[in-house]
Enquirer: 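One structure, as structure tokens, below. Some questions next.
Bear in mind that the values here come from a model prediction, so they are computed numbers and not experimental data.
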Amino acid sequence: QINRFANNAKDNWFSIDPAQMVGRTQRDLLGEKAYAGSLPYIEAALRGERQVFEREMTDPKGVSHIGQVNYVPDIKDGEVIGFYALIFDVSSLRAAERAQAAAREAAEQATRAKSLFLTSMSHELRTPINSILGCSDLLLGQFFGKLNDKQYEYATLIRQSGEHLLKLMDEVLELSKIEAGRVTVSIEPVGISGIIKSVAANLQPLAEKYQVTIDARNPVSEEMTISADLTRMAQVLINLGSNAIKYNRTEE
């Protein structure tokens, strides 16, 4: 445990002239506290076992650093005659890891808060949606008098829109799955003609508001189907249709 050589980096770390270190013991160089903490690693290195550990160090300017210390046994003819002490400043690396961990924890907290908000919002919205569905059922059942064709058509649209909104609430509750890349879809045969008519009917009140005519004619037969998720496909078509209606311009 007697120092035989030190490079110039030792001066930067400990403000000690490398030439003055030759012949000094580890206990003298490290000080009693640091030496006591390093002794188990020193003894292991002298048994021929490479050691890697970290310890906090303070440079001559009083700045604290985290040093990764490597004790590499110096073996000659099968005998351990000493060890090399290699020190790397890993302060920046450890600071980056702590910052990354803090950012990850903040992101996880934000995700938990968002999930809690979405769950609460979804449950809050279900109450009025269920009331809308219940009232539309009463209208369609004509318990309070017979509806004319237009009234019946609008009551049907209210019912269909309420059901669609309820499905969207279920989708909101699965947002965490989407964020985790585990979104599920239900692929089934979807009638092209039927979904076009359904979407057009849902958009009709909006179209009338903006004085836009919807032409829902299509050249395919009633039996023609595609494989798709019915709820998601309907939502895509409704989004496209509503944007087309809202941003429609009269020809000049």
Enquirer: Return the minimal non-hydrogen interatomic distance between Lys146 and Gln151, and the atom names on each side.
Expert: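 So the minimum-distance heavy-atom pair works out to O-OE1, 4.4 Å.
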
Enquirer: Please check if Val199 and Leu166 belong to a single hydrophobic cluster, counting links between Ile, Leu, Val, Met, Phe, Trp and Tyr side chain heavy atoms closer than 4.5 Å.
Expert: no

Enquirer: Do the ring centers of Tyr41 and Phe53 come within less than 6.0 Å of each other?
Expert: yes

Enquirer: What are the two closest heavy atoms between Pro40 and Ala36, and how far apart are they?
Expert: CD-O, 3.6 Å

Enquirer: Do Ile226 and Met233 have side-chain heavy atoms sitting under 4.5 Å apart?
Expert: yes

Enquirer: Knowing that exactly one of Gln51, Arg47, Arg50 qualifies, which makes a side-chain contact (heavy atoms from CB on, under 4.5 Å) with Pro73?
Expert: Arg50

Enquirer: For the CG atom on Asn239, are there more than 12 heavy atoms of other groups (residues, nucleotides or ligands in this structure) within a distance under 6.0 Å?
Expert: yes

Enquirer: Do Gln142 and Leu147 make a side-chain contact, defined as non-hydrogen atoms from C-beta onward lying under 4.5 Å apart?
Expert: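 With C-beta onward as the side chain, the pair touches.
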
Enquirer: Keeping Ser198 on the side-chain end and Gly194 on the backbone end, is there a donor-acceptor pair under 3.5 Å?
Expert: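 Answer holds: no.
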
Enquirer: Same cluster or not: Tyr154 versus Leu206, using hydrophobic residues (I, L, V, M, F, W, Y) connected whenever any side-chain heavy atoms lie under 4.5 Å apart?
Expert: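 The answer is no; the residues belong to distinct hydrophobic clusters.
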
Enquirer: Quick one: list whatever passes side chain to side chain donor-acceptor pair (under 3.5 Å) with Gln100, sequence neighbours left out.
Expert: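 Here no residue qualifies.
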
Enquirer: Taking a hydrophobic cluster as the set of Ile, Leu, Val, Met, Phe, Trp and Tyr residues connected by side-chain heavy atoms closer than 4.5 Å, whether directly or through intermediates, do Leu237 and Met224 fall within one such cluster?
Expert: yes

Enquirer: Tell me if the CG atom of Asp77 is crowded by more than 12 foreign heavy atoms within 6.0 Å.
Expert: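 Check fails, neighbour count at 12 or below.
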
Enquirer: Got a second to check how far Gln235's CD is from Ser242's OG, nearest 0.5 Å?
Expert: 8.0 Å

Enquirer: Walk me through it: do Ile75 and Val80 pass the test side-chain contact (heavy atoms from CB on, under 4.5 Å)?
Expert: CA-CA 4 Å; Ile75 302 175; Val80 179; 4.0 Å; yes

Enquirer: So do Ile42 and Tyr35 actually touch side chain to side chain, heavy atoms under 4.5 Å?
Expert: yes

Enquirer: Is any side-chain heavy atom of His164 less than 4.5 Å from a side-chain heavy atom of Asn202?
Expert: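 No. Closest side-chain heavy atoms not under 4.5 Å.
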
Enquirer: Same hydrophobic cluster for Ile196 and Val220, using side-chain heavy-atom links shorter than 4.5 Å among ILVMFWY?
Expert: yes

Enquirer: Closest approach of Asp229 and Ser186, non-hydrogen atoms and distance?
Expert: OD2-N, 2.8 Å

Enquirer: Measure across Pro18 and Asn7 and return the closest heavy-atom pair with its distance rounded to 0.1 Å.
Expert: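 Heavy atoms only, the tightest pair is CG-O, 3.3 Å.
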
Enquirer: Is Gln1 close to Leu46 at the side-chain level, that is, under 4.5 Å between some pair of heavy atoms?
Expert: yes

Enquirer: Specify the closest pair of heavy atoms between Val212 and Ile245, including all atoms of both residues, with the distance to one decimal.
Expert: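 Looking at all heavy atoms of both residues, the shortest contact is CG2-O, 4.1 Å.
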
Enquirer: Within a 6.0 Å radius of atom CD1 on Ile187, are there more than 12 heavy atoms belonging to other residues, nucleotides or ligands?
Expert: yes

Enquirer: Quick check: is Val22 connected to Ile87 through a chain of hydrophobic side chains (ILVMFWY, heavy atoms under 4.5 Å apart)?
Expert: no

Enquirer: Nearest 0.5 Å, what's the OG1-CD distance between Thr213 and Glu208?
Expert: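 CD of Glu208 is found 9.5 Å from OG1 of Thr213.
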
Enquirer: So, taking the atom named CG in Asn243 and the one named CG in Asn248, what distance separates them when rounded to the nearest 0.5 Å?
Expert: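 Interatomic distance, Asn243 CG to Asn248 CG, rounded to 0.5 Å: 12.0 Å.
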
Enquirer: For the residue pair His65 and Ser91, what are the closest heavy atoms and their distance?
Expert: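 What the structure gives for the nearest pair is CA-OG, 3.3 Å.
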
Enquirer: Can you measure from CG (Leu140) to OG1 (Thr156) and round to the nearest 0.5 angstrom?
Expert: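 Reported value, rounded in 0.5 Å steps: 4.5 Å.
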
Enquirer: Just wondering, more than 12 heavy atoms not from Gln109 lying within 6.0 Å of its CD?
Expert: yes

Enquirer: Can you tell me which residue among Leu133, Ile132, Ile129 is in a side-chain contact (heavy atoms from CB on, under 4.5 Å) with Leu165?
Expert: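 Passing option: Ile129.
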
Enquirer: For a 4.5 angstrom cut-off between non-hydrogen side-chain atoms, does Tyr84 reach Asn70?
Expert: no

Enquirer: If I take atom CG from residue Leu30 and atom CE from residue Met57, how far apart are they, to the nearest 0.5 angstrom?
Expert: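 Leu30 CG to Met57 CE: 8.0 Å, rounded to 0.5 Å.
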
Enquirer: Before you tell me yes or no, could you show the steps for Lys197 and Glu222 under salt bridge (Lys or Arg N to Asp or Glu O under 4.0 Å), namely the whole-Å CA-CA distance, both residues' side-chain angles and the distance that decides it to 0.1 Å?
Expert: CA-CA 11 Å; Lys197 291 178 181 178; Glu222 295 287 340; 3.0 Å; yes

Enquirer: Distance from Ile214 atom CD1 to Leu203 atom CG, nearest 0.5 Å?
Expert: 5.0 Å

